[in-house]
Amino acid sequence: MAAFETLYDRYAREVFVFAAHVLGREDADEVVQNVFLKLWQRADQFDPARGSFAAWFMTIARHCVFDQLKRRRSAVAVGDAIDELLERTPDPGLSLDERVLLGERRATVLAAVRELPAEQRRTLVLAYFGGLSQAAISEALGVPLGTVKKRLRLGLDKLRASLSEPALVEDRERPTASPPGGVRT
């Protein structure tokens, strides 16, 4: 039991920092508990001939973090997560007109993100809203790193095209209804 306490003292902070970076502080404590529970259950599986204890242990930690990330992702729709993340960053110093314009832009960006193919949308959300590295996304989604890079590039290209200034200007200039008298200006 003393050895387990020593391991906890040595690695708990490292696991917490990693989990908090990927998932946020609110889920990090639970991940730390899960990691040490798995360590307790799988201690007999450690083989020093295959590598160091630290590497083996951090692999367990990484798997626990990504399992939690997968559970979270499946529990919350991607669109809801984007809305929530964007709404967390309001600027109280904005005027009413600026807030309305910002809200319109936000809605336009969200609509463009929702139009992306699911794989590209998921990858972009994990990278830009979830703060994950490309390698972490690769592991979380179970796809090669090259696939993650390609999805990011394609998704960003599609967003640029759909959010390009000429396309937005055309939408604003397009009349929605005829003015009185049927004459369009």
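Computed over heavy atoms, backbone and side chain alike; hydrogens, waters and symmetry mates excluded.
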Full working for side chain to side chain contact (heavy atoms under 4.5 Å, CB included) between Leu124 and Leu159 | CA-CA 10 Å; Leu124 282 170; Leu159 281 177; 3.8 Å; yes
Would you call the rings of Phe53 and Phe46 parallel, tilted or perpendicular if under 30° counts as parallel and over 60° as perpendicular?
-> perpendicular
For Val15 and Ala61, which heavy atoms make the closest approach, and how far apart are they?
-> CG2-CB, 4.0 Å
Heavy atoms of other groups near Tyr8 OH, more than 12 under 6.0 Å | no
Sequence neighbours left out, what passes side-chain hydrogen bond (donor to acceptor under 3.5 Å, both in side chains) with Asn34? Give chain and number order.
-> none
When you look at Arg151 and Arg122, which way does the side chain to side chain contact (heavy atoms under 4.5 Å, CB included) test go after all the steps?
-> CA-CA 9 Å; Arg151 287 177 182 174; Arg122 190 174 301 121; 5.6 Å; no
Test item: Phe4 and Leu39 side chains (from C-beta on) under 4.5 Å apart, heavy atoms = yes
Under a 4.5 Å cut-off applied to non-hydrogen side-chain atoms, are Val109 and Val113 in contact?
-> yes
Gap separating the CG atom of Leu110 from the CZ atom of Arg114, nearest 0.5 angstrom = 5.0 Å
Output all residues satisfying side chain to side chain contact (heavy atoms under 4.5 Å, CB included) with Asp9, sequence neighbours left out; order by chain, then residue number.
-> none
Compare every heavy atom of Val32 with every heavy atom of Ala12, then report the nearest pair and how far apart it is.
-> O-CG2, 4.0 Å
How many angstroms lie between atom CD of Glu119 and atom OG1 of Thr147, to the nearest 0.5 angstrom?
-> 10.5 Å
Answer yes or no: are there more than 12 heavy-atom neighbours, outside Lys158 itself, under 6.0 Å from its atom NZ?
-> yes
Please confirm whether the backbone N or O of Val143 pairs with a side-chain atom of Ser138, one donor and one acceptor, at under 3.5 Å?
-> yes
Let me see the working for Tyr11 and Phe16 under side chain to side chain contact (heavy atoms under 4.5 Å, CB included), right down to the final yes or no.
-> CA-CA 9 Å; Tyr11 291 103; Phe16 180 85; over 6 Å; no
Single-linkage hydrophobic cluster, 4.5 Å side-chain cutoff, Leu154 and Ile137 together = no
Arg25 side chain vs Ala20 backbone, donor-acceptor pair below 3.5 Å | no
Between atom CG of Leu7 and atom CD of Glu5, what is the distance when rounded to the nearest 0.5 Å?
-> 10.5 Å
Does the separation of the ring centres of Phe36 and Phe57 fall below 6.0 angstrom?
-> yes
Might you work through the side chain to side chain contact (heavy atoms under 4.5 Å, CB included) test for Leu126 and Leu141, ending with a clear yes or no?
-> CA-CA 10 Å; Leu126 289 173; Leu141 297 179; 3.9 Å; yes
Answer whether the closest heavy-atom distance between the side chains of Ser162 and Glu115 falls below 4.5 Å.
-> no
Just how far is it from atom CD of Glu30 to atom CD of Gln68, taken to the nearest 0.5 Å?
-> 5.0 Å
Roughly how far, to the nearest 0.5 Å, is the CG atom of Leu37 from the SG atom of Cys64?
-> 8.5 Å
Any chance CD of Gln45 has more than 12 other-residue heavy atoms, nucleotides or ligands included, within less than 6.0 Å?
-> yes
Any chance you could measure Leu132, atom CG, to Leu69, atom CG, to the nearest 0.5 Å?
-> 6.0 Å
Decide yes or no for Arg62 and Phe18: does some side-chain heavy atom of the first lie under 4.5 Å from some side-chain heavy atom of the second?
-> yes
Does Met58 share a hydrophobic cluster with Ile60, counting links as ILVMFWY side-chain heavy atoms below 4.5 Å and allowing steps through other members?
-> yes
